[in-house]
Trainee: 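The following block contains the structure, expressed as structure tokens.
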Amino acid sequence: MRIRIVDAFTDRPFAGNPAGVLLLDASTSFPDDAWLQNVALEVNHAETAFAHPLPEGGEADWALRWFTPAAEVAMCGHATLATAHVLATTGAAQGPVRFATRSGVLIATAQDDGSITLDFPTAPLTPVEVPQGVAEALGAEPRTTHDTGPNIGDLLIELADEKTVLGLTPDLKSLARYSERGIIATARAEDPSHGYDFVSRCFFPNLGIDEDPVTGSAHTALAPFWSERLGRTDLTGLQASPRSGRVRTALHGDRTLLIGRAVTVIEGELLA
């Protein structure tokens, strides 16, 4: 079968977040979980997406699952964007695509300008006390902390300013104990004229990912968090990892639209 590596939330190669994408033959089920996990480990990117077409007439068009090198996850934005990009560029699907996932039906729509819009559930944010020791593990003092709900399973931590976020060098082993999936560190943009409203970095040591390059799912929590504080529903976030990437967000109540682009950088044949 064909396997592709797609850089998501970027319009140029070697930036954004790379994801493996495998389009499987029509089937009523996925291959064995152990095989899916082994492929994801072999690809060794933050996520590898596996999708197969579903029978016509149902609530979804394709079934979709995501695996890190260490575990399956309940939601992944950049690998969904990458999968939608492959479907659109290969002609395997046209128009909006409905994906059946562990997080419900997610919709991806390829736009005429080459961008792709993802329709995801908005993460429910619950203020929580700053866990003891998290400031030391992160290397910065939190302003606020929020639980992001079951689909994401992150701890969202607001920091003092953009400079603090950019300068983080966390103790990843210690950081792993504070959430199910990982930590989202964020702050308001220092200068919005640079084209983004807030900045973030995401650390997922529990999933074998020290720092994720660009995390679409995290923006389902960042969008409501910053929309409330900035008074606007349409925002742009900069995820300031070494590869970097931007995610445009539009908050619509219990749904969040994530808008970005993707580039296929490798295409080959999986022999195993």
Side-chain angles (χ1 to χ4, degrees), residues 7-18 46 77-78 81 111 113-118 120 122-123 125 127 130 134-146 148 152 154-172 175 182-204 209-252 255-263:
D7 289 344
F9 291 114
T10 182
D11 59 1
R12 58 187 175 87
F14 315 125
N17 201 352
H78 88 275
L81 181 71
Q111 308 295 342
D113 65 359
S115 67
I116 294 172
T117 300
L118 306 179
F120 272 40
T122 300
L125 298 179
V130 178
V134 74
E136 291 77 11
L138 189 60
E141 191 66 37
R143 277 189 169 180
T144 63
T145 56
H146 289 75
T148 60
I152 300 179
D154 293 334
L155 188 66
L156 175 64
I157 298 179
E158 180 191 9
L159 299 178
D161 50 35
E162 180 175 334
K163 181 180 179 180
T164 302
V165 174
L166 299 183
L168 291 174
T169 55
D171 179 343
L172 294 167
L175 208 61
I183 300 294
I184 307 168
T186 187
R188 188 186 301 240
E190 182 178 338
D191 184 355
S193 68
H194 290 163
Y196 56 91
D197 302 289
F198 59 88
V199 64
S200 67
R201 291 175 67 190
C202 294
F203 306 99
F204 303 135
I209 304 166
D210 288 347
E211 180 170 2
D212 198 35
V214 190
T215 314
S217 59
H219 285 75
T220 66
L222 289 163
F225 182 85
W226 286 112
S227 290
E228 180 181 354
R229 284 153 181 78
L230 299 177
R232 291 183 286 119
T233 56
D234 291 3
L235 301 170
T236 297
L238 170 69
Q239 192 155 331
S241 67
R243 290 177 63 100
S244 188
R246 300 192 184 197
V247 183
R248 292 162 48 207
T249 66
L251 185 64
H252 295 275
R255 307 297 295 183
T256 295
L257 303 185
L258 309 173
I259 303 100
R261 297 174 180 269
V263 181

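Note that the coordinates shown come from a computational prediction; the quantities given were computed from them, not determined experimentally. Every heavy atom of this structure was used, including side-chain atoms; hydrogens, water molecules and symmetry mates were not. Sequential numbering from 1 along the given sequence is applied to the chain's residues.
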Trainee: Any side-chain heavy-atom pair from Pro213 and His78 closer than 4.5 angstrom?
Mentor: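 Counting from C-beta outward, Pro213 and His78 never come under 4.5 Å.
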
Trainee: Roughly how far, to the nearest 0.5 Å, is the CD atom of Glu228 from the CG atom of Leu230?
Mentor: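 Interatomic distance, Leu230 CG to Glu228 CD, rounded to 0.5 Å: 10.0 Å.
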
Trainee: Mark yes or no: Arg12 above the aromatic ring of Phe14, with NZ or CZ under 6.0 Å from the six-membered ring centre and no more than 45 degrees from the axis.
Mentor: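 No, cation not above the ring by the 6.0 Å, 45° rule.
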
Trainee: Considering all heavy atoms of both residues, which atom of Ala46 and which atom of Ile209 are nearest to each other, and what is their separation?
Mentor: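 Closest pair (atom of Ala46, atom of Ile209, distance): O-CD1, 3.4 Å.
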
Trainee: Any chance CD of Glu190 has more than 12 other-residue heavy atoms, nucleotides or ligands included, within less than 6.0 Å?
Mentor: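 Result for CD/Glu190: open.
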
Trainee: If only atom types and distance count, is the side chain of Asp154 paired as donor or acceptor with the main-chain N or O of Leu156 below 3.5 Å?
Mentor: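 Such a contact is absent between Asp154 side chain and Leu156 backbone.
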
Trainee: What distance separates Leu258 CG from Ser115 OG, expressed to the nearest 0.5 Å?
Mentor: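 Answer rounded to 0.5 Å: 12.0 Å.
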
Trainee: Side-chain contact, heavy-atom cut-off 4.5 Å: Leu257 with Phe120?
Mentor: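 A side-chain contact is absent here, since even the closest heavy-atom pair is not under 4.5 Å.
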
Trainee: Between Ile183 and Ile157, is any pair of side-chain heavy atoms under 4.5 Å apart?
Mentor: yes

Trainee: Are side-chain heavy atoms of Leu238 and Ser244 found at a separation under 4.5 Å?
Mentor: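 A side-chain contact under 4.5 Å exists here.
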
Trainee: Locate the shortest heavy-atom distance separating Val165 from Ser200; write the atom from each residue and the value.
Mentor: CG1-C, 4.1 Å

Trainee: Are Glu162 and Arg188 ion-paired here, with the side-chain N under 4.0 Å from a carboxylate O?
Mentor: no

Trainee: Do Thr186 and Val199 make a side-chain contact, defined as non-hydrogen atoms from C-beta onward lying under 4.5 Å apart?
Mentor: no

Trainee: Measure from the side-chain N and O atoms of Arg201 to the backbone N and O of Leu168, and report whether any donor-acceptor pair falls under 3.5 Å.
Mentor: yes

Trainee: In terms of side-chain heavy atoms, does Trp226 have a donor or acceptor partner in Thr249 at a distance below 3.5 Å?
Mentor: no

Trainee: Any sub-3.5 Å donor-acceptor pair from Ser227's side-chain atoms to Arg232's backbone N or O?
Mentor: yes

Trainee: With distance as the sole criterion, is a donor-acceptor pair present between the side chains of Asp212 and Asn17 under 3.5 Å?
Mentor: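 Asn17 and Asp212 do have a side-chain donor-acceptor pair below 3.5 Å.
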
Trainee: Is there side-chain contact between Phe225 and Glu158, with heavy atoms separated by less than 4.5 Å?
Mentor: yes

Trainee: Is the count of non-hydrogen atoms from other residues, nucleotides or ligands lying under 6.0 Å from Arg261 atom CZ greater than 12?
Mentor: yes

Trainee: Could you check whether any side-chain heavy atom of Ile259 comes within less than 4.5 Å of a side-chain heavy atom of Ile116, counting everything from C-beta outward?
Mentor: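 Heavy-atom side-chain distance check fails, nothing below 4.5 Å.
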
Trainee: Among side-chain atoms of Tyr196 and Gln239, is any donor-acceptor pair under 3.5 angstrom?
Mentor: no

Trainee: I need the Ile152 CD1 to Leu155 CG distance, nearest 0.5 Å.
Mentor: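 Ile152 atom CD1 to Leu155 atom CG measures 12.0 Å (nearest 0.5 Å).
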
Trainee: Decide whether Thr164 and Asp161 meet the rule of one side-chain donor and one side-chain acceptor closer than 3.5 Å.
Mentor: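 Result is yes, a qualifying pair exists.
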
Trainee: Would you compute the distance between atom OG1 of Thr117 and atom CG of Leu81 and round it to the nearest 0.5 angstrom?
Mentor: 9.5 Å

Trainee: Just verifying a value: how many Å separate Asp234 CG and Arg248 CZ, rounded to the nearest 0.5 Å?
Mentor: 8.5 Å

Trainee: Please report the closest heavy-atom contact between Ala223 and Leu235, naming both atoms and the distance.
Mentor: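 So the minimum-distance heavy-atom pair works out to O-CD1, 4.3 Å.
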
Trainee: CZ of Arg229 to CZ of Phe198: how many Å apart, nearest 0.5 Å?
Mentor: 12.0 Å

Trainee: Would you check if there is a donor-acceptor pair between the side chains of Thr122 and Thr220 at a distance under 3.5 Å?
Mentor: no

Trainee: Specify the closest pair of heavy atoms between Pro170 and Leu175, including all atoms of both residues, with the distance to one decimal.
Mentor: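 Between these two residues, the closest heavy atoms are CB-CD2, 4.0 Å.
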
Trainee: Might you point out which heavy atoms bring Val130 and Pro142 nearest each other, and give the distance in Å?
Mentor: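 It is CG1-CG, 3.8 Å.
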
Trainee: Considering only heavy atoms from C-beta outward, does the side chain of Leu118 approach that of Thr256 to under 4.5 Å?
Mentor: no

Trainee: For Thr236 and Gly195, which heavy atoms make the closest approach, and how far apart are they?
Mentor: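 Residues Thr236 and Gly195, closest heavy atoms: CG2-O, 3.6 Å.
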
